[in-house]
Amino acid sequence: MSSNQNKRKDVSIVICGAAGQGIKTVEKLLVHNFSHSGFHVFSTKEYMSRVRGGTNSVSIRVSSQKAAALKDRIDILLPLHSEALGHLEKRISSETIVIGDKEKICKDCPTQIKQFIDVPLEDLARDIGGKIFINIIAAGIISGILKLDLDKMKKDVKDFFSQKDKQIVEKNIQSISQGYSKGEKFSDQKGISFDLTPWTEIKNQVLINGAEAVGFGALAGGCDFLSSYPMSPSTGVLVFISQHAHKFEVAAEQAEDEISAINMALGASYAGARSLVTTSGGGLALMGEGISLAGMIETPVVIHVAQRPGPATGLPTRTEQGDLELVLHAGHGEFPRIILAPGSLEDAFSLTQKAFDLADKFQIPVFILTDQFFMDSYYNIPAPDFQNVQANKHIIKTENDYKRSLITKDGISPRGIPGYGEGLVGVDSDEHDESSHITEDLDLRTQMAEKRLKKMDQIKKQAIPPELVGPEDYRNLIIGWGSTLHVINEALDVLGLKKTAFLHFKQVYPLPDETKIYLEKADQIVIAEHNATSQFKKLIKLETGIDISKTILKYNGLAFSVEEMAEKINHALEQED
Amino acid sequence: MSSNQNKRKDVSIVICGAAGQGIKTVEKLLVHNFSHSGFHVFSTKEYMSRVRGGTNSVSIRVSSQKAAALKDRIDILLPLHSEALGHLEKRISSETIVIGDKEKICKDCPTQIKQFIDVPLEDLARDIGGKIFINIIAAGIISGILKLDLDKMKKDVKDFFSQKDKQIVEKNIQSISQGYSKGEKFSDQKGISFDLTPWTEIKNQVLINGAEAVGFGALAGGCDFLSSYPMSPSTGVLVFISQHAHKFEVAAEQAEDEISAINMALGASYAGARSLVTTSGGGLALMGEGISLAGMIETPVVIHVAQRPGPATGLPTRTEQGDLELVLHAGHGEFPRIILAPGSLEDAFSLTQKAFDLADKFQIPVFILTDQFFMDSYYNIPAPDFQNVQANKHIIKTENDYKRSLITKDGISPRGIPGYGEGLVGVDSDEHDESSHITEDLDLRTQMAEKRLKKMDQIKKQAIPPELVGPEDYRNLIIGWGSTLHVINEALDVLGLKKTAFLHFKQVYPLPDETKIYLEKADQIVIAEHNATSQFKKLIKLETGIDISKTILKYNGLAFSVEEMAEKINHALEQED
Amino acid sequence: MKTNAYDMDDIDMAWCPGCGNFNILKSLKKALAELSIEPKGLVVVSGIGQAAKIPHYFKTHFFNGLHGRALPPATGIKAVNPQLTVIAESGDGDMYGEGGNHFLHAIRRNPDITNIIHNNMVYGLTKGQASPTSQFGFKTPVQTKGVVLEPFNPLALAVSQNASFAARAFAGDEEETKEIIKKAIQHKGYALVDIFQPCVSFNKVNTFKWFKDNTAYLDDTYDPYDRRAAFEKSLETHPFALGVIYVGPPKNTYEQNIGLYDKDKNPLVFREQKRSQKLQQLIQSF
Amino acid sequence: MKTNAYDMDDIDMAWCPGCGNFNILKSLKKALAELSIEPKGLVVVSGIGQAAKIPHYFKTHFFNGLHGRALPPATGIKAVNPQLTVIAESGDGDMYGEGGNHFLHAIRRNPDITNIIHNNMVYGLTKGQASPTSQFGFKTPVQTKGVVLEPFNPLALAVSQNASFAARAFAGDEEETKEIIKKAIQHKGYALVDIFQPCVSFNKVNTFKWFKDNTAYLDDTYDPYDRRAAFEKSLETHPFALGVIYVGPPKNTYEQNIGLYDKDKNPLVFREQKRSQKLQQLIQSF
Ligand SMILES: Cc1ncc(C[n+]2csc(CCOP(=O)(O)OP(=O)(O)O)c2C)c(N)n1
Ligand SMILES: Cc1ncc(C[n+]2csc(CCOP(=O)(O)OP(=O)(O)O)c2C)c(N)n1
Ligand code: SF4
Ligand code: SF4
Ligand SMILES: [Mg+2]
Ligand SMILES: [Mg+2]
């Protein structure tokens with residue numbers, strides 16, 4: 001590669017191996033060092049639902065510009081076991097540099113491989129002390145190729161293994177060093193180099209994943225109670241908050257099941273807490289009755305749902321956007337709700353924070369809808385602003401004649417909590433009077449039903465508008481929601497179409513009125529979603545009457561890649577209507 | 001009342017009292033005798049969620065023609081306690097003949113009452129042996145007025161109380177007789193009479209309620225396993241089947257909770273049974289995950305959902321059609337389902353029977369959607385046809401290489417069951433291969449998702465068309481679904497509008513293609529539903545693109561009356577568009 | 001305090017005349033009065049059923065939630081405001097049937113709540129199906145040949161999972177029931193009070209008389225701290241033992257275990273949380 | 001029969017090398033072989049978790065259902081086809097956590113199924129959170145200060161509810177575990193087999209060695225028919241007793257109680273039901 005012109009400003013590195021081979025550790029070490037070196041970094045995983053074995057991969061992009069979506073293209077591939085090359089076959093091209101134990105890895109090598117750097121990883125590792133060091137040697141090789149700061153790298157390795165024996169730490173440092181020098185050598189000998197411009201600002205940015213962003217948002221939103229039952233891919237949020245529960249004075253409880261989780265959360269909210277529940281589709285399917293209870297007793301709760309492919313157990317560690325309709329309709333009877341679907345980590349932070357405010361303000365369940373891809377993807381963002389984290393819980397001190405379910409003009413009853421003021425605070429899952437006592441007064445029933453539903457007016461007025469990216473005078477409009485934000489953005493960047501814009505929804509329900517206006521302006525609309533029945537398309541049809549005819553749907557459990565999205569958009573736009 | 005011209009051909013009788021006063025017994029005795037005498041009879045209840053006290057009422061219509069909807073008008077009212085007249089105030093007119101203990105019942109009597117026949121019910125009862133006989137005396141009075149067959153009446157009383165002491169039986173017979181002679185006297189003295197023409201055919205008809213009709217349908221449909229948890233208003237079906245379980249060789253089990261109920265049912269279906277679950281909205285909200293499982297393992301199950309007002313516990317003994325959207329979307333992920341909503345008792349029978357066939361044929365969950373009004377209403381219908389009750393379970397004898405999840409052209413895998421044939425039969429809630437073994441082959445995932453969804457094509461083709469009542473060349477179209485069939489029919493009869501037809505849906509999902517054609521023919525469309533957000537209207541919009549602008553909605557827990565429906569239809573049609 | 005401090009005016013009670021629920025309500029009000037627990041400091045959490053209507057019939061904060069789900073909200077409330085006295089009260093179907101899993105795990109979690117069950121051995125509100133505690137042979141419209149399942153034994157279960165307190169009472173004896181409830185409320189930690197309650201409408205077998213004839217109070221020599229003895233007692237059936245059957249070894253309550261009330265007794269919900277700086281610190285470590 | 005009758009070709013097992021699950025699979029296959037239970041006559045029902053993957057690893061009919069929900073389908077299967085041997089098998093989180101209520105009520109219902117729990121005292125598949133049986137102080141990414149809940153005692157619960165059979169085994173001893181499983185399968189009625197199973201990936205405390213050091217087989221003098229003794233045994237912890245801890249008094253199974261198999265042994269699903277006439281008769285009574 002001669003001139004900087006031709007060099008990539010964006011390197012795509014993939015490490016692939018079995019569960020238990022430590023590719024997550026490699027990911028952790030690399031992404032932090034890339035970002036420390038001033039590069040933008042994006043990293044995402046696809047993995048099987050098992051603890052050992054199988055074939056998993058981590059895709060890391062290092063770039064001079066912001067990159068936050070998956071690319072199919074692989075510049076450097078480190079296969080750590082014999083299934084890896086087969087597993088990634090479709091993504092390997094003649095430009096891919098494969099680095100690995102040729103003999104072990106390459107039984108029947110994909111023919112398109114043109115650049116193979118044979119490194120006896122296993123022998124190297126064995127010399128150091130055993131196969132377990134392969135992953136750190138691999139991390140070293142990549143650091144060497146990209147000329148990262150070796151001292152920083154060593155320090156990180158040391159920190160990372162700080163719980164282990166001194167000897168183990170030493171051997172890991174040895175591994176990283178050896179790998180590094182190999183990498184440096186390859187880079188020089190084979191002329192591997194990239195045009196990566198470091199950007200000092202990045203050092204002040206933070207590198208987090210979706211689970212952490214939601215967790216930070218919850219802490220910033222004043223969450224002080226969490227009850228959940230572990231379920232992939234939502235467990236990251238449970239773990240994050242549990243880790244910091246003590247410091248942030250959060251009562252965090254692993255419930256015996258999801259039904260308990262949602263009902264505990266409602267108890268805590270009733271008593272004045274800001275409660276969070278985190279789960280996935282299957283868990284949510286068990287919480288329907290509890291969600292309906294939240295609607296009836298007008299008690300706030302924030303529910304984070306990280307989607308994975310269904311039905312039933314489906315593919316526990318894969319991604320999908322297949323639970324939108326469930327979240328829209330979970331729970332029997334009729335009551336308001338809000339559904340937010342972050343597209344970026346910044347969204348995840350700010351929307352989760354906001355969710356607690358909305359829940360308290362309207363005394364309703366508010367959903368944060370993410371997915372496995374979102375939960376497990378890292379990239380660097382400016383540190384969120386933590387100045388404005390004082391919660392307004394909309395709680396009043398009660399008087400003697402306090403009525404929890406008072407019928408008011410806007411449908412919102414002033415919220416009292418037990419033990420604060422002179423009043424008694426009751427809530428009732430039966431239809432009830434203004435004091436929340438059970439009633440069979442059927443005129444009152446009508447009033448109460450209307451009171452609850454009336455809140456929808458205000459909620460709709462305050463809906464977060466969709467974000468338009470691209471020309472205002474678009475003829476083609478691409479629609480996406482939630483986690484497909486970056487991939488659609490980048491695909492459109494790649495395509496460079498003139499009259500095409502992208503409308504991204506981070507609030508999917510209720511939809512703000514301007515939705516229709518945006519859609520009516522377009523000649524052609526294409527919607528992209530990670531499900532088989534285009535659930536958001538249906539919602540848009542229902543809310544705006546507009547029937548989007550072109551869909552880009554993927555539901556094999558893997559996230560869209562930039563190339564794939566670009567090709568599909570292109571194809572869709574070229575198709576006859 | 002001089003000429004037969006002016007006499008009513010349709011008598012509306014209401015008995016109103018507290019839970020525990022035995023008005024259900026009165027209802028039972030009367031309706032059977034009316035029908036025995038050759039009259040059409042319709043009877044419906046509205047009652048509070050309590051075992052004793054409160055105010056409940058039974059409305060009975062006796063008629064020369066078929067009558068199967070609630071009328072507001074009351075011809076004869078028997079208030080059994082002091083709250084009764086207040087409770088029914090809006091339905092009482094100057095034509096209402098009130099029969100009762102004036103002093104006890106009429107503290108501040110509604111002023112519109114013009115005809116009060118004062119009977120010292122309490123004294124009469126006390127003379128016989130106690131207040132408990134009031135209800136039977138009341139039944140006697142009505143039988144007397146309508147000149148029913150006293151001997152038959154006595155015999156029924158005897159049968160009804162056959163479990164009790166001989167003395168009690170005697171006193172009840174005394175009560176019926178005494179009431180009867182009072183009634184006869186009133187009829188003669190006050191000239192109360194009606195123009196009821198008996199029709200001998202009626203004697204060959206059967207008088208059943210919605211719960212029994214669903215139950216009969218299930219037995220005829222080959223149901224041989226039932227697992228459910230009691231929940232009003234669905235418990236009637238559980239009770240009906242339990243009562244006859246032994247005779248019909250049904251394994252009927254009261255489960256520890258709804259989650260167990262649906263999962264037990266799926267186990268039984270997997271093993272080859274025809275399984276039924278009966279519940280209401282709250283119970284269904286707990287079954288979402290199980291329903292999703294049915295979708296994933298492609299195992300048939302029939303789920304009867306008797307709706308009541310929500311959210312949460314709501315009004316347990318009242319009626320609503322508020323769970324359509326929940327039934328549509330219960331369960332995470334994407335898979336086919338069918339939702340049937342009987343309008344008549346005949347429908348309840350035939351659709352429930354059919355539900356088992358559909359479930360087995362397509363290996364999916366099939367829902368029967370009813371409501372409290374439907375469950376608790378009685379009328380006479382021709383006895384269902386039980387000739388055609390041989391079930392085709394679509395089960396094959398397996399071969400050695402049997403694959404339960406075989407990918408076929410139409411998406412339907414031949415259904416084997418364990419222990420029948422040589423093959424092994426597996427099902428898996430994870431994504432799986434054709435042998436149902438867990439897989440992470442993501443291309444296979446796509447194929448499997450498509451296989452499951454593909455069944456929807458055939459299902460849609462075979463959807464039961466809506467029923468058009470009225471002129472083919474309608475300009476106005478009234479839409480209804482499920483239990484509002486008769487009330488809309490009768491309201492339109494009353495209105496006698498020329499260009500207005502009624503389109504009733506007994507299959508609400510998926511909708512057959514002709515739906516759109518029907519709707520497009522109309523200039524004006526009005527939809528009537530028992531909910532606050534017009535859920536079926538939304539479904540129609542989604543499926544046909546047609547946005548119905550006029551709605552008739554009621555959600556106070558009471559069923560529409562004929563008068564109310566007529567007035568609202570009239571009003572809606574007169575309104576500007 | 002006086003019992004009438006809990007009285008509400010002009011309420012329409014949905015219980016049947018003669019039902020054991022009235023007795024339990026009286027005992028409970030007396031117990032609360034004698035312990036000087038003000039309505040303002042009390043939350044009654046209930047599920048759905050006839051028993052579960054109890055918080056509508058006296059002055060208290062209340063959370064009348066879902067069928068079977070009284071214990072989870074009670075736990076949530078206690079976690080964020082341990083200063084409240086929390087009672088979780090429902091019927092046998094609610095607590096042991098639909099809510100069985102929460103019952104099991106609440107015992108293990110040990111929140112400082114009093115768990116009162118109106119055990120009428122039947123589903124009252126839904127008109128008379130068998131409940132988990134229905135006795136062998138009990139006939140109902142659903143169990144047409146009589147109950148065949150082993151009757152659920154809540155006391156034995158509580159002992160088996162080392163519940164911190166487990167007692168049985170009989171609604172027919174208001175005075176003793178009151179005493180038992182008082183002990184349960186005063187006990188720190190999860191306290192089970194299973195109360196035999198005649199249902200005059202749907203249980204014609206287990207009547208006031210039946211319960212009277214088939215129960216016997218523990219005598220003074222009985223040692224509730226002996227787990228094995230408690231287990232034996234909990235298995236005895238005719239008569240069923242009444243009184244405090246088991247008190248487990250001292251242990252932390254759930255609220256204590258949360259670890260946020262060691263220094264600061266102020267309930268979580270009343271704390272002025274200042275998080276800006278902590279968040280700033282935490283993000284720096286990322 | 002030979003054990004290899006259950007072998008499947010070319011399967012990719014998702015368990016970690018060294019995991020106790022492999023031992024259990026071996027014991028189970030041997031037990032089935034020795035009892036001559038053919039794959040064709042066997043249904044294994046499981047939930048979700050590492051343990052719950054077991055029916056994918058040997059020849060059998062299987063219903064791999066939802067997390068926590070193995071017992072209800074197992075019961076449903078048995079109801080309509082009692083001729084099948086039915087095993088409900090899952091992990092401790094699945095059976096005692098999410099599925100706790102079914103566990104409780106399956107014991108009461110007494111279907112003739114064998115309920116095998118791989119008890120590794122941790123949630124394996126979801127990567128190491130506490131399970132109901134996790135011991136005090138067990139640290140995890142969620143239980144950062146260690147487990148504070150009373151560990152769930154399945155054996156004591158089973159005895160408390162008069163389970164018809166309850167045993168504990170240790171995966172480290174394939175031979176004895178096989179014997180215990182055989183007894184459980186042969187037992188008519190619900191049979192619990194809780195098997196201590198080391199999880200080499202997420203439980204570094206309760207290892208093969210730990211289990212070996214902290215368990216002891218019941219000796220020959222032990223009488224499993226004595227409920228009180230069984231209860232005492234079930235409470236002992238260091239060592240935990242291994243073997244058949246309790247066998248309840250003879251009683252009907254759930255399938256027998258259904259009352260449809262007294263005369264006709266033919267499974268419900270194979271009966272040619274002729275209902276036209278019965279329906280005709282029934283409707284006449286309306
Ligand atoms: C999810 C759900 N399932 C079922 C019901 C119906 N239901 C209400 S109360 C009840 C049982 C009542 O029995 P119990 O708890 O013993 O209380 P009791 O009425 O006897 O006091 C049932 C099954 C419900 N409300 N919610
Ligand atoms: C409704 C639902 N909630 C949560 C999960 C996630 N989940 C899968 S397995 C599991 C726990 C596994 O632990 P255990 O049952 O002990 O089995 P092990 O993996 O240890 O063998 C959980 C929480 C799920 N699949 N479904
Ligand atoms: S139904 Fe039974 S438990 Fe309920 S109030 Fe009446 S007597 Fe009491
Ligand atoms: S995670 Fe634990 S239980 Fe699961 S296979 Fe691995 S070692 Fe076994
Ligand atoms: Mg009860
Ligand atoms: Mg486990």
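Note on naming: letters A, B, ... go to the chains in the order of the sequence lines (proteins, then strands), and numbering restarts at 1 for each one. Here the structure is a predicted model, which means the values were calculated and not measured.
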**OP:** With a 4.5 Å cut-off on heavy-atom pairs, point out which of C/Leu279, C/Leu71, C/Val44 contacts chain A the most.
**Re:** C/Leu279

Subject >> C/Ile48, part contacting chain A, at a heavy-atom distance under 4.5 Å >> reply: side chain

Original post:
Considering only heavy atoms, which portion of C/Arg271 lies under 4.5 Å from any heavy atom of chain A: side chain, backbone, both, or neither?
Top reply: side chain

Original post:
Which atoms of A/Gln254 come close to chain C, meaning under 4.5 Å heavy atom to heavy atom: side chain ones, backbone ones, both, or neither?
Top reply: backbone

**OP:** Compute whether any side-chain donor of one residue and acceptor of the other, for A/Asn392 and A/Asp360, lie under 3.5 angstrom apart.
**Re:** no

**OP:** Inspect the surroundings of CD in C/Gln284 and state if more than 12 heavy atoms from other residues, nucleotides or ligands are less than 6.0 Å away.
**Re:** yes

Subject >> Max heavy-atom pair count under 4.5 Å with chain C, selected residue of A/Ser269, A/Ser35, A/Ala273, A/Ala245 >> reply: A/Ala273

**OP:** Give a yes or no on whether C/Lys2 atom NZ has more than 12 heavy-atom contacts from other residues, nucleotides or ligands under 6.0 Å away.
**Re:** no

Original post:
Quick one: of A/Ser275, A/Gly222, A/Ser227, A/Ser435, who has the most non-hydrogen atom pairs under 4.5 Å with chain C?
Top reply: A/Gly222

Subject >> Among the listed options C/Asn101, C/Val86, C/Leu42, C/Leu66, the residue most often paired with chain A at heavy-atom distances under 4.5 Å >> reply: C/Leu66

Original post:
Contact part of C/Thr60 toward chain A, heavy-atom cut-off under 4.5 Å: side chain, backbone, both or neither?
Top reply: backbone

Original post:
Does A/Lys397 offer a backbone N or O that forms a donor-acceptor pair with the side chain of A/Tyr402 under 3.5 Å?
Top reply: no

**OP:** In plain terms, say whether C/Arg275 and A/Glu249 are close enough for a salt bridge, that is, a side-chain N and a carboxylate O under 4.0 Å apart.
**Re:** no

Original post:
Which one, A/His246, A/Glu253, A/Gln390, leads in non-hydrogen pairs under 4.5 Å with chain C?
Top reply: A/Glu253

Original post:
Does atom CD of A/Glu399 have more than 12 heavy-atom neighbours, drawn from other residues, nucleotides or ligands, at distances under 6.0 Å?
Top reply: no

Subject >> Max heavy-atom pair count under 4.5 Å with chain C, selected residue of A/Arg404, A/His432, A/Glu422, A/Gln387 >> reply: A/Glu422

Original post:
Using a cut-off of under 4.5 Å for heavy-atom pairs, which of C/Pro55, C/Ser276, C/Gly41, C/Gly68 has the most such pairs with chain A?
Top reply: C/Ser276

**OP:** Look at C/Arg69, C/Lys78, C/His102 and state which one has the largest set of heavy-atom pairs under 4.5 Å with chain A.
**Re:** C/His102

Original post:
Which region of C/Val80, side chain (C-beta onward) or backbone (N, CA, C, O), has a non-hydrogen atom less than 4.5 Å from a non-hydrogen atom of chain A, or is it both or neither?
Top reply: side chain

Subject >> Proximal component of A/Phe248, with respect to chain C [non-hydrogen, under 4.5 Å] >> reply: both

Subject >> A/Lys28 atom NZ, over 12 foreign heavy atoms within 6.0 Å >> reply: no

Original post:
Most heavy-atom pairs under 4.5 angstrom with chain C, which of A/Thr398, A/Ile417, A/Asp385, A/Ile259?
Top reply: A/Ile259

Original post:
Parallel under 30°, tilted from 30 to 60°, perpendicular over 60°: which one fits the rings of C/Phe103 and C/Tyr96?
Top reply: perpendicular

Original post:
Under a 4.5 Å heavy-atom cut-off, does chain A meet the side chain of C/Pro267, its backbone, both or neither?
Top reply: neither

Original post:
Should the pair C/Trp15 and C/Phe22 be assigned to parallel (<30°), tilted (30 to 60°) or perpendicular (>60°) ring geometry?
Top reply: perpendicular

Subject >> Side chain, backbone, both or neither of C/Asn81 within contact of chain A (heavy atoms, under 4.5 Å) >> reply: side chain

Original post:
Got more than 12 heavy atoms from elsewhere within 6.0 Å of NZ, A/Lys155?
Top reply: no

Original post:
A/Thr299, A/Leu266, A/Val206, A/Ile438: which one forms the most heavy-atom pairs within less than 4.5 Å of chain C?
Top reply: A/Ile438

Subject >> Max heavy-atom pair count under 4.5 Å with chain A, selected residue of C/Ala79, C/Gly76, C/Ala106 >> reply: C/Gly76

Subject >> Portion of A/Leu219 that has a non-hydrogen atom of chain C nearer than 4.5 angstrom >> reply: both

